[in-house]
Protein chains: 2
Amino acid sequence: MEPSRADAIPNPAVRRLSLYLRQLEAFRQHGRITISSRQLGQSVGSTDAQVRKDLAYFGQFGHPGIGYRVEELIAQVRRILGTDRTWNVLVAGAGNLGRALLAYRGFERKGFRLVAVFDSDPAKVGRKQGALTVQPMGELVATVRRDAIDLALLTVPASAAQEVTDCLVMAGIRGILNFAPVSIVAPRTVAVASLDVAVQLEQLSFQMNFARATRTAGA
Amino acid sequence: MEPSRADAIPNPAVRRLSLYLRQLEAFRQHGRITISSRQLGQSVGSTDAQVRKDLAYFGQFGHPGIGYRVEELIAQVRRILGTDRTWNVLVAGAGNLGRALLAYRGFERKGFRLVAVFDSDPAKVGRKQGALTVQPMGELVATVRRDAIDLALLTVPASAAQEVTDCLVMAGIRGILNFAPVSIVAPRTVAVASLDVAVQLEQLSFQMNFARATRTAGA
DNA sequence: GGATGTGAATGCATTCACAGCA
DNA sequence: TGCTGTGAATGCATTCACATCC
């Protein structure tokens, strides 16, 4: 079905897939039934050829003369990204950011369910955080296993990031989204992505100096 | 000094510059005086040649036989990124995320000072948020001018993102970091970067399906 | 010896442009 | 006619490898 060798697929293409999906969902909400590669590309600041090429890495989803059927393409892209299922996610770190993420009700619709929250601070353990209760780190392994948790949002302070990462890896987590402003190291069997606000601000700062705004394509 | 045409500089190089800076600050904290391109590259998961090439776009900062002086290179990179000064930043949207960002004390050190917060909800206006008081949107123009604010963190719901963006642009903001899970459009004179948690989770999801973890280089 | 800086070579990603289908 | 899918051509970014300097 898909090319079995994922390294044949340009990484930038996968990033754009997420953006296409976001736009497609917006188009669906507006009642669009079909959409051309040109329109989809324009909506994410890209070209028609780019859209077609990106999608073609994974199969033939379009209909010549018509374009792409919105509903159908959403399903395909979700399947490709692996969000045609629900991933269970934990939050490591019940600070301001962790709590803000827990309160956000938009992940479920995207295929991610926040099912647990952990903190090493005894003062925070036991507190209710929405529907969830903050658990001590000691329960990590058991909870990950019991609730079949695959992903972690790492929202601890920079100083604790690596230590907690190691715990997550031990517990069997397979993917980590790191919000701490440090690099973390994990075995290559564990997927890691990072999201550092300061880094993005620096990119903006640079763009503002050289007015040639090259527009950082969404992340 | 720098090449005057910023489009001669690969965009990925600028992104890596931020990561180098983060590592350099860590090395400084550990007391390192000099560092080689190899060591710096390794610390961000890159190669020595890549580091040298990236830096060489902006000048000659190294010392053959020695490497780079940490303190000196930090200063240079900050100058390149434009964070050798302090940018005044506002937060648009005093929801959970906005408040979490306001509470974070790490931006100042990086050259970004959060100086104002706005919300359209009358119930939130007037509330204290740390040192700041939530202001109504109507005061946007005046405050941006008075406090010389250049950058905005956009933390409003998706449904309001475009409308508030338009207000920010009107008020004279020159850069926007968008946390809402939608594309926003702004004049090309305004720098825009986006930071969508769901998008990053999707990238992780993809990586986890094709175990060939290509490791999303920090953002 | 141990580093940098940099042209040249390679490898990727994007764009072009067109055959083919509805 | 309108649109996709795709080889071929282009353009960018990364890597190599070496002259150069402390």
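These numbers were taken from a predicted model, which means no experiment stands behind them. Numbers restart at 1 for each chain; the letters A, B, ... are given by sequence-line order, proteins then strands.
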Between [atom2] on [N] and [atom1] on [X], what's the gap in Å once rounded to a whole number?
{"X": "Arg16(A)", "N": "dA13(C)", "atom1": "CZ", "atom2": "P", "result": "9 Å"}
{"X": "Gln76(B)", "N": "dT4(C)", "atom1": "CD", "atom2": "P", "result": "16 Å"}
{"X": "Gln50(B)", "N": "dT6(C)", "atom1": "CD", "atom2": "P", "result": "15 Å"}
{"X": "Asn11(B)", "N": "dC12(C)", "atom1": "CG", "atom2": "C1'", "result": "16 Å"}
{"X": "Ile9(A)", "N": "dT14(C)", "atom1": "CD1", "atom2": "C1'", "result": "16 Å"}

* Structure fact -> Each nucleotide of nucleotides 1-8 of chain D classed B (base within 4.0 Å of a protein heavy atom), S (only sugar-phosphate) or -, in 5' to 3' order, makes -BBBBBBB
* **Residues forming a side chain to side chain contact (heavy atoms under 4.5 Å, CB included) with Ala49(B), sequence neighbours excluded** =>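 Thr47(B), Arg52(B).
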Is it the case that the side chains of [Y] and [X] hold a donor-acceptor pair, with the cut-off being a distance below 3.5 Å and no angle test?
{"X": "Asp54(B)", "Y": "Tyr20(B)", "result": "yes"}
{"X": "Ser205(A)", "Y": "Glu202(A)", "result": "no"}
{"X": "His63(A)", "Y": "Glu72(A)", "result": "yes"}

* Structure fact -> Sequence neighbours excluded, the answer for ring pair (Phe, Tyr, Trp, His ring centres under 6.0 Å) partners of Phe27(A) is none
* Presence of salt bridge, Arg32(B) and Glu71(B), under 4.0 angstrom -> no
* **Closest listed nucleotide, where the reference is the side chain of Pro10(B) and the choices are dT15(D), dA13(D), dT14(C)** =>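 Selected nucleotide: dA13(D).
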